[in-house]
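Here's the structure we're looking at; comments come further down.
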Protein chains: 2
Amino acid sequence: MHRETLQRYMNYLLLLTKLKSEGRATVTSDELAVREGVTGSRVRQDLSALRILGKPRQGYRIADLEILISSMLDILSAKPVALVGIGNLGRALVLSDIWSHAGFDLVALFDADPAVIGTAVAGIPVRDAATMERFIQEQGIESACLALPADKAQAVADRLVNAGVRAFWNFALIDLDVPAGIIVENQRLEQGLMALSFRIAKRNSDQARGPQD
Amino acid sequence: MHRETLQRYMNYLLLLTKLKSEGRATVTSDELAVREGVTGSRVRQDLSALRILGKPRQGYRIADLEILISSMLDILSAKPVALVGIGNLGRALVLSDIWSHAGFDLVALFDADPAVIGTAVAGIPVRDAATMERFIQEQGIESACLALPADKAQAVADRLVNAGVRAFWNFALIDLDVPAGIIVENQRLEQGLMALSFRIAKRNSDQARGPQD
DNA sequence: CCGGTCTCGGTACCCGGTTATCGATTCTAC
DNA sequence: GTAGAATCGATAACCGGGTACCGAGACCGG
């Protein structure tokens with residue numbers, strides 16, 4: 001599955017949540033389509049691929065969509081995950097409610113700074129990074145979030161791989177070098193901002209040339 | 001330009017920076033290609049679209065690539081930007097060095113909490129959100145970063161649009177409703193984590209089925 | 001009950017992104 | 001200096017995601 005398609009599914013899910021909160025029970029493919037900038041055809045194909053069936057003149061049942069898309073993304077499970085790096089970013093992530101929404105259970109925090117070791121964030125104690133491998137191994141944790149400076153991320157990732165971690169959510173601005181089979185999902189904040197810069201430049205130059213196209 | 005293509009350019013840039021720090025002066029299209037999971041052909045077409053010329057048996061000059069890709073993304077300018085919401089996430093963003101790397105100059109911070117108003121982060125004073133419109137207007141700021149809870153983001157965005165902001169970098173997990181011509185770049189952290197969940201599920205099921213494909 | 005309309009499911013088509021290929025150019029080696 | 005290898009630039013071929021279309025089923029109004 002291509003990244004674009006995956007993103008569409010996640011956006012469907014976001015919109016479904018909103019619709020459900022408005023009391024809606026069904027959606028049509030065209031309704032989902034306009035929000036995504038695609039056609040109803042594409043949406044129907046997306047849903048068809050998940051074996052989701054709708055009814056003519058009625059649409060799709062929102063509850064069905066939510067369950068099937070969620071189970072495809074495997075966000076209904078509670079995979080244990082550890083977070084390394086209790087800086088401002090780390091704290092923000094710990095305090096957010098995204099973990100359970102994305103199928104994870106944040107079970108451990110690590111940092112190397114004695115000033116924060118022993119404190120707790122959102123009720124989760126911050127452990128000494130020196131004890132990281134043992135804890136990860138004992139708990140069988142296979143996912144980790146790296147909220148660290150770029151210069152420390154590779155070394156920590158290496159240690160975590162040795163301890164059994166097989167998937168990373170990486171906020172450090174480097175390309176992690178990991179063995180085959182280990183997943184790295186990079187969350188490049190910088191690229192979002194660059195994309196904004198590009199879109200601003202494009203809009204401004206388009207407007208300068210006039211709206212002839 | 002499609003999102004995928006834009007992402008490739010940004011990844012080229014990231015890799016170029018790394019190569020330059022290693023003392024390299026030129027790159028071949030194939031070198032750039034393998035990192036992106038595409039072919040040399042695609043890279044050559046990407047660079048050709050930017051009127052970048054290489055030399056046979058030598059490759060492209062890294063310095064040229066950096067300048068031309070950077071200018072296409074317009075990240076060499078210093079567009080003033082304001083950040084609203086001095087929570088943990090806001091602080092992390094302020095303290096990061098991404099702003100200048102992406103063509104922005106972070107010039108103002110706002111928050112509604114009296115406890116943080118008047119303090120400073122990275123040398124930038126935190127102003128009262130009540131004075132936001134006036135300051136934005138006076139300084140001619142046209143970009144803003146929203147590091148706020150979802151329930152406050154829309155109201156703040158509305159006020160900023162009225163004050164002249166025409167581009168948003170939005171971290172709140174909602175679809176902002178803005179007038180036509182106003183750019184919203186959503187940085188959906190949640191979706192990165194969901195994508196990781198999906199990739200883990202996919203890897204595990206693929207391995208269970210065996211590596212026959 | 002029946003025609004009209006709306007929306008789904010499936011199929012065929014299209015377009016543009018990606019790859020493959022080929023000639024041209026430049027560097028290396030002897 | 002010449003043969004050979006490497007890499008670019010350009011063009012053609014390919015492929016798959018996206019769209020358009022059509023028949024089928026379901027609700028609505030009379």
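Not measured: the values here are computed from a predicted model. Chain naming here is simple, since letters A, B, ... match the order of the sequence lines and numbering starts at 1 in each.
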> So does R42(B) get a side-chain nitrogen or oxygen closer than 4.0 Å to the phosphate oxygens (OP1/OP2) of dT19(C)?
Replying inline: no
>> Looking at Q137(B), I want to see if its CD is surrounded by more than 12 non-hydrogen atoms of other residues, nucleotides or ligands under 6.0 Å.
In response: yes
> L32(A) has an atom CG; how far is it from atom P of dG9(C), in whole Å?
Replying inline: 13 Å
> Are any of R8(A)'s side-chain N or O atoms less than 4.0 Å away from OP1 or OP2 of dG17(D)?
Replying inline: no
> Closest nucleotide of DNA chain D for L47(B) versus for P56(A): which of these residues is on the 5' side?
Replying inline: L47(B)
> Does atom CZ of R61(A) have more than 12 heavy-atom neighbours, drawn from other residues, nucleotides or ligands, at distances under 6.0 Å?
Replying inline: no
>> Taking the side chain as everything from C-beta on, heavy atoms only, tell me whether I200(A) gets closer than 4.5 Å to F104(B).
In response: yes
>> Quiz question: going by heavy-atom distance under 3.5 Å, is there a donor-acceptor pair between the base of dT5(C) and the side chain of R57(A)?
In response: yes
> To the nearest Å, how far apart are L50(A) CG and dC8(C) P?
Replying inline: 16 Å
>> Does any part of the side chain of R8(A), heavy atoms only, come nearer than 4.5 Å to the side chain of R42(A), both counted from C-beta?
In response: yes
> Any side-chain N or O of S41(B) less than 4.0 Å from the OP1 or OP2 oxygen of dA20(C)?
Replying inline: no
>> With heavy-atom distances below 4.5 Å as the criterion, would you say the side chains of L146(B) and L160(B) are in contact?
In response: yes
> Hey, does the side chain of Q154(B) reach the backbone of D177(B) with a donor-acceptor pair shorter than 3.5 angstrom?
Replying inline: yes
>> How many whole angstroms separate atom CG of L53(B) from atom C1' of dT25(C)?
In response: 13 Å
>> It should be established whether H2(B) places a side-chain nitrogen or oxygen under 4.0 Å from OP1 or OP2 of nucleotide dG17(C).
In response: yes
> Under the salt bridge (Lys or Arg N to Asp or Glu O under 4.0 Å) rule, what pairs show up with a residue in residues 10-27 of chain A, not counting sequence neighbours?
Replying inline: K20(A)-E66(A), R24(A)-E31(A)
>> For a quick check of understanding: with a heavy-atom distance under 4.0 Å over all strands, which category does T28(A) fall into, base, sugar-phosphate or nothing?
In response: sugar-phosphate
> dT7(C) P sits how many Å from Y60(A) OH, rounded?
Replying inline: 12 Å
>> Is the phosphate of dT19(C) approached by T39(B) (side-chain N or O, under 4.0 Å from OP1 or OP2)?
In response: yes
> Roughly, in whole Å, what's the span from CG in D30(A) to P in dA20(D)?
Replying inline: 11 Å
> Does any residue of residues 10-18 of chain A have a heavy atom under 4.0 Å from DNA chain C, and if so, which ones, in number order?
Replying inline: none
> Any N or O donor-acceptor pair linking the side chain of Q58(B) to the base of dT25(C) at under 3.5 Å?
Replying inline: no
>> Just the rounded figure in Å: distance from C1' of dC15(D) to CD of E4(B).
In response: 15 Å
> Charged N to carboxylate O under 4.0 angstrom, R188(A) versus D175(A)?
Replying inline: yes
> When all nucleic acid strands are considered with a 4.0 Å heavy-atom cut-off, which category describes S48(A): base, sugar-phosphate, or nothing?
Replying inline: sugar-phosphate
> Is there a donor and acceptor pair, one atom on the side chain of Q45(B) and one on the base of dT11(D), closer than 3.5 Å?
Replying inline: yes
> At under 4.0 Å between heavy atoms, what does G59(A) touch on the DNA or RNA strands: base, sugar-phosphate, or nothing?
Replying inline: sugar-phosphate
> Starting at NZ of K55(B) and ending at P of dA5(D), how long is that distance when rounded to a whole Å?
Replying inline: 23 Å
> Looking only at side-chain N and O atoms, does R44(B) come under 4.0 Å of OP1 or OP2 in dC8(D)?
Replying inline: yes
> In whole angstroms, how far is the P atom of dT18(C) from the CZ atom of R3(A)?
Replying inline: 14 Å
